[in-house]
Amino acid sequence: MENIPSSTGTDFIREAVAEDLRSGRFSKIRTRLPPEPNGYLHIGHVKAFLIDYFVAIENGGELVLRFDDTNPAKEELEFVHAIQEDAAWLGIQWVKVTYASDYFGKLYEWAIKLVKLGLAYVDDQTPEEVSKNRGTLTEAGNPSPWRGRSVEENLDLLERMKKGEFPDGSRILRAKIDMAHPNMVMRDPAMYRIIHEPPHHRTGREWCIYPMYDWSHGQNDSMEGISHSLCSMEYEIHRPLYEWFLQQLGEFMPRQIEFSRLNLSYAMMSKRKLRKLVETGLVEGWDDPRLTTLRAMRRRGYTPTAIIDFIRRIGVAKNTSWIDYALLESCVRDDLNKHSLRKMAVIDPIKVVIDNYPDGLVEELEAVNNPEDPEAGSRKVNFSKILYIEQEDFRESPPPKYYRLYPGNEVRLRYAYFIRCESVTKDEAGNIVEVHCTYDPSTKGGDAPDGRKVKSTIHWVSAAHALHAEVREYDRLFTIENPDDAEDTASVINPASLVIKPNAKVEASLAGTANGDKFQFERIGYFCTDRTSAPGKLVFNRTVTLKDSWAKIEKKQN
RNA sequence: UGGGGGCUCGUCUAAUGGCAGGACAGAUGACUCUGGAUCAUCUAGUAGAGGUUCGAAUCCUUUGCCCCCAGCCA
């Protein structure tokens, strides 16, 4: 996959892995991608995924995609497909796809082993009792009255739990560790709980008990021969338990290493809140281009290269960090600048009439496709007497430092001619309906033979040849940096996060564009063709704006 | 308050006892047929206090602040 840049530099995880290889602790690197199929992938997952992927391939190792499907109440087949599709789009490659549920049988055998070792027991307490007896952060918990059951009774009860003899919530299997442990995770953690409904999306009704994360993840890692189980910081306190289980079982022990998760400003990362956002219709769906799900970013026009570059640039560490959304945008601009074709598009048109240009004449002018890439070649654009330019590019009374078109000023029409504004015509309400200009025929192509300069070049389209289009301008979805913290999501939605421009005019070469095509509309920004676009009804999404230093100047002036 | 983790320019991140560097953001300028891109320059940081050392972001002591953990979620 050509769009996977090899990652550079090092970090504490790569150093640890290299050291493990040197010391012989592991001879082959195998990592795993552990998504739970209960939602769509978002930018937060991408960091973890790419660390797993790159750590594997940089060391000649391999990656296993393992779905963590241990809770039938939350997981759906739909997400199993969507996750693979999104991860593949990013360019991640795995040697095989597995499921935690593939190992339910073996895991059950291991549980029996622990019971026989006297290290696990069936607890009949209600969930409330279990919770109450766990103690608090500062007080030890109380042992369950069922903690002392015989191995035989535990074995019998576990078998019957598995067969479905008991209702949900009536019993659990717990590890017997230490109810007074200062780390709450070690206070006799639950291993299996009883769940009858709904049936599991892969194993159906075969099982009535399902393992908890702690009693599944490490065991699966071990069974699959994972060398490094890389995860986020919140699992750090689970590591003692991860190691305890495998030690008691005497099984192969992978190394768990934790790193800080990605926090991105203005992005919603909470799966629960994200789902609610979609379900309440505040956004168009999981691929609404304002979201930071992978499919939304794809629809917005973000590229795998840009996203991977972004992850590379933020680094890997253990600090709690908040990444500025501007960094992501910078990566997107970087990639798109190098690779996207330039087009002329006028989003808020105003009519320009070239008074001294011959009626009916149409000229074909040469326009460069991508100044960053000579191999992209050039194209022809039609020029004629009546044009559209951007409303912003004309001012009847210009502010200081405004170099664009205004009465008496001369500018260049990109790849065409120098024009000078002579007058404007207005309707009864005083709105400008036409800007009248004259052109200098000797400046054809954009250069004046007498060597005179203009301070500004503006884009344009020929009215007779332009295509009609709808342009969707996106901005950050939220008004606050951390929308996950907002009590009421609806109240922090940025009302200007989507502005639909229904009357855009674009150059004729855009006629055959299809879903996902990416362009730079010169002087405006990067855009891509939306999936709802059709030949007679073009729709473009704004991926990201160009940097706009005039907007900055103007803002300062106000 | 118990346990675990963290604290370096505004934001991320390097420096592994020896010149605190890079990126994004910001500022200024050069260049330009995109007020884009590019290039150059600048601004800006070791949480506080002690100590060890010729030398400390790094080692020690101590204080402060932030994050995570009391699901039969992952």
Side-chain angles (χ1 to χ4, degrees), chain A residues 9-12 15 34-36 38 68 70-71 73-74 123 125-127 130-132 134-141 168-174 180-187 189-195 209-210 212-214 216-217 231-240 258 260 265 271-272 310 313-331 333-334 337-338 342 344 367-368 371-372 401-404 412-416 418 443 445-447 453-459 520-525 545-554:
Chain A
T10 187
D11 53 66
F12 78 100
E15 281 168 12
E36 183 187 16
N38 71 342
D68 221 338
T70 56
N71 187 350
K74 296 193 167 184
D123 191 349
Q125 292 182 106
T126 63
V130 169
S131 170
K132 190 164 142 272
R134 191 164 4 243
T136 69
L137 296 178
T138 52
E139 298 161 83
D168 289 12
S170 59
R171 288 181 164 87
I172 52 173
L173 183 74
R174 301 177 78 175
H181 199 108
N183 179 353
M184 303 280 292
V185 171
M186 299 298 274
R187 316 244 263 230
M191 294 167 64
Y192 279 113
R193 72 290 213 186
I194 300 171
I195 301 175
I209 54 171
Y210 291 92
M212 300 290 292
Y213 167 85
D214 283 317
S216 165
H217 202 89
C231 59
S232 49
M233 292 300 295
E234 67 251 42
Y235 292 101
E236 195 154 30
I237 54 165
H238 293 253
R239 181 156 27 98
E258 310 84 15
S260 66
S265 64
K271 269 188 190 175
R272 206 187 83 246
F310 169 70
R313 286 204 233 176
I314 63 176
V316 180
K318 297 176 83 157
N319 309 345
T320 309
S321 63
W322 275 94
I323 311 293
D324 190 341
Y325 199 90
L327 180 61
L328 214 205
E329 291 185 320
S330 169
C331 295
R333 285 193 189 100
D334 229 46
N337 175 49
K338 288 183 201 125
R342 314 287 124 128
M344 290 202 282
V368 172
E372 305 290 323
K401 298 247 178 98
Y402 185 87
Y403 304 140
R404 284 115 95 151
R412 172 169 40 233
L413 293 175
R414 181 96 158 131
Y415 300 123
F418 284 14
T443 58
D447 286 306
K453 303 283 185 194
V454 289
K455 291 205 88 167
S456 179
T457 299
I458 65 175
H459 61 278
Q520 184 197 99
F521 289 169
E522 292 216 30
R523 302 207 307 129
I524 304 173
T545 59
L546 245 31
K547 279 195 198 161
D548 187 348
S549 47
W550 165 244
K552 237 178 237 177
I553 294 168
E554 202 177 26

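Here is the naming used below: chain letters follow the sequence lines, and residue numbers restart at 1 for every chain.
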G-U wobble or Watson-Crick pairing nucleotide for B/G2 (cut-off 3.5 Å, both distances): B/C69
Atom pair distance, as rounded to whole Å: CD1 in A/Ile323 and C1' in B/U11: 8 Å
Pairwise C1' distance, B/U63 and B/C69 [rounded to whole Å]: 25 Å
Length of the CG-C1' vector between A/Asp334 and B/G36, whole Å: 13 Å
Inter-nucleotide C1' distance (B/A40, B/G51), Å rounded: 45 Å
Whole-Å P distance, B/G50 and B/U58: 14 Å
Integer-rounded Å distance: B/G6 C1' and A/Trp322 CH2: 16 Å
A/Ile194 vs A/Ser170 side-chain heavy atoms within contact, under 4.5 Å: yes
Distance, P atom - from B/A37 to B/A25, rounded to whole angstrom: 9 Å
Phosphate OP1/OP2 of B/G35 contacted by A/Arg404 side-chain N/O (<4.0 Å): no
For B/C12, the Watson-Crick or wobble counterpart (both distances under 3.5 Å): B/G22
Rounded distance (Å) that lies between atom P of B/G2 and atom CE of A/Met186: 20 Å
Taking every non-hydrogen atom, the tightest pair across A/Glu258 and A/Phe12: O-CZ, 3.2 Å
Salt-bridge criterion met for A/Glu522 and A/Arg414 (N-O under 4.0 Å): yes
hbond_proxy A/Glu372 side chain to B/U38 base (donor-acceptor, 3.5 Å cutoff): no
Value in whole Å for how far the P atom of B/G3 lies from CD of A/Glu258: 19 Å
Sugar-phosphate only, base, or nothing, as touched by A/Val454 at under 4.0 Å among non-hydrogen atoms: nothing
Nucleotide of B/C7, B/G4, B/A23 approaching A/Asn319 most closely (side-chain heavy atoms): B/C7
N/O donor-acceptor pair under 3.5 Å between A/Arg333 side chain and A/Thr545 backbone: yes
Touch class at under 4.0 angstrom, heavy-atom based, for A/Glu236 against every strand present: sugar-phosphate
Check: A/Asn319 main-chain N/O paired with A/Ser260 side-chain donor or acceptor under 3.5 Å: yes
Touch class at under 4.0 angstrom, heavy-atom based, for A/Arg313 against every strand present: sugar-phosphate
Distance test, side-chain N/O of A/Ser549 to OP1/OP2 of B/G36, below 4.0 Å: yes
Spacing of A/Glu15 atom CD relative to B/U13 atom P, expressed in whole Å: 15 Å
By side-chain contact (heavy atoms from CB on, under 4.5 Å) - contacts of A/Met212 (at least two apart): A/Ala190, A/Arg193
In B/G71, glycosidic geometry as syn within 90° of 0 or anti otherwise: syn
Shortest non-hydrogen contact between A/Arg404 and A/Ile458, atoms and distance: CG-CG2, 3.9 Å
Report all interatomic pairs (protein N or O, nucleotide N or O of nucleotides 68-74 of chain B) with separations under 3.5 Å.
{"from": "B/C72", "atom 1": "OP1", "to": "A/Arg134", "atom 2": "NH2", "distance (Å)": "3.0"}
{"from": "B/C72", "atom 1": "OP2", "to": "A/Arg134", "atom 2": "NH1", "distance (Å)": "3.3"}
{"from": "B/C72", "atom 1": "OP2", "to": "A/Arg134", "atom 2": "NH2", "distance (Å)": "3.3"}
{"from": "B/C72", "atom 1": "N3", "to": "A/Gly169", "atom 2": "O", "distance (Å)": "3.4"}
{"from": "B/C72", "atom 1": "N4", "to": "A/Gln125", "atom 2": "O", "distance (Å)": "3.0"}
{"from": "B/C72", "atom 1": "N4", "to": "A/Pro127", "atom 2": "N", "distance (Å)": "3.2"}
{"from": "B/C72", "atom 1": "N4", "to": "A/Gly169", "atom 2": "O", "distance (Å)": "3.0"}
{"from": "B/C73", "atom 1": "OP2", "to": "A/Arg193", "atom 2": "NE", "distance (Å)": "3.1"}
{"from": "B/C73", "atom 1": "OP2", "to": "A/Arg193", "atom 2": "NH2", "distance (Å)": "2.9"}
{"from": "B/C73", "atom 1": "O3'", "to": "A/Arg193", "atom 2": "NH2", "distance (Å)": "3.1"}
{"from": "B/C73", "atom 1": "O2'", "to": "A/Lys74", "atom 2": "NZ", "distance (Å)": "3.2"}
{"from": "B/A74", "atom 1": "OP1", "to": "A/Thr70", "atom 2": "OG1", "distance (Å)": "2.7"}
{"from": "B/A74", "atom 1": "OP1", "to": "A/Arg193", "atom 2": "NH1", "distance (Å)": "3.3"}
{"from": "B/A74", "atom 1": "OP1", "to": "A/Arg193", "atom 2": "NH2", "distance (Å)": "2.9"}
{"from": "B/A74", "atom 1": "OP2", "to": "A/Tyr213", "atom 2": "N", "distance (Å)": "3.0"}
{"from": "B/A74", "atom 1": "O3'", "to": "A/Asp68", "atom 2": "OD2", "distance (Å)": "3.0"}
{"from": "B/A74", "atom 1": "N6", "to": "A/His238", "atom 2": "NE2", "distance (Å)": "3.3"}
{"from": "B/A74", "atom 1": "N3", "to": "A/Tyr235", "atom 2": "OH", "distance (Å)": "2.7"}

Distance between P atoms of B/C7 and B/C31 (Å, rounded): 45 Å
Same-atom distance (P) from B/C73 to B/U61, integer angstrom: 41 Å
Complement of B/A49, any strand, by Watson-Crick or G-U distances under 3.5 angstrom: B/U61
Intermediate values then yes/no, side chain to side chain contact (heavy atoms under 4.5 Å, CB included), A/Leu173 and A/Ile209: CA-CA 9 Å; A/Leu173 183 74; A/Ile209 54 171; over 6 Å; no
Residue closer to the 5' end of RNA chain B, A/His181 versus A/Phe521 (nearest nucleotide): A/His181
Interatomic distance, A/Arg239 CZ vs B/G3 C1' [rounded to whole Å]: 14 Å
Whether A/Tyr213 and A/Tyr235 hold their rings parallel, tilted or perpendicular, with breakpoints at 30° and 60°: tilted
B/A30: pairing nucleotide in any strand, Watson-Crick or G-U under 3.5 angstrom: B/U38
Side chain of A/Leu546 (C-beta onward), nearest among B/A14, B/G5, B/U34: B/U34
Interatomic spacing from CG in A/Leu546 to CZ in A/Phe521 - rounded to 0.5 Å: 12.0 Å
Touch class at under 4.0 angstrom, heavy-atom based, for A/Arg342 against every strand present: base
Touch class at under 4.0 angstrom, heavy-atom based, for A/Pro371 against every strand present: base
Nearest heavy atoms of A/Thr136 and A/Met184, plus distance in Å: O-SD, 3.5 Å
5' precedence on RNA chain B between A/Lys318 and A/Ile458 (nearest-nucleotide basis): A/Lys318
Residue A/Asn337, side-chain atoms from C-beta onward, closest of B/C67, B/U34, B/A37: B/A37
Touch class at under 4.0 angstrom, heavy-atom based, for A/Asn38 against every strand present: nothing
Worked check of side chain to side chain contact (heavy atoms under 4.5 Å, CB included) between A/His238 and A/Asp214: CA-CA 7 Å; A/His238 293 253; A/Asp214 283 317; 2.8 Å; yes
Whole-angstrom distance between B/C42 and B/G22, as gauged at atom P: 10 Å
Worked check of side chain to side chain contact (heavy atoms under 4.5 Å, CB included) between A/Ile323 and A/Leu328: CA-CA 9 Å; A/Ile323 311 293; A/Leu328 214 205; over 6 Å; no
Reading 5' to 3' through nucleotides 25-30 of chain B, protein heavy-atom contacts under 4.0 Å coded B for base, S for sugar-phosphate only, - for none: SSSS--
B/A57 versus B/G45 - spacing of their C1' atoms, nearest Å: 10 Å
A/Glu139 CD to B/G3 P, straight-line distance once rounded to whole Å: 15 Å
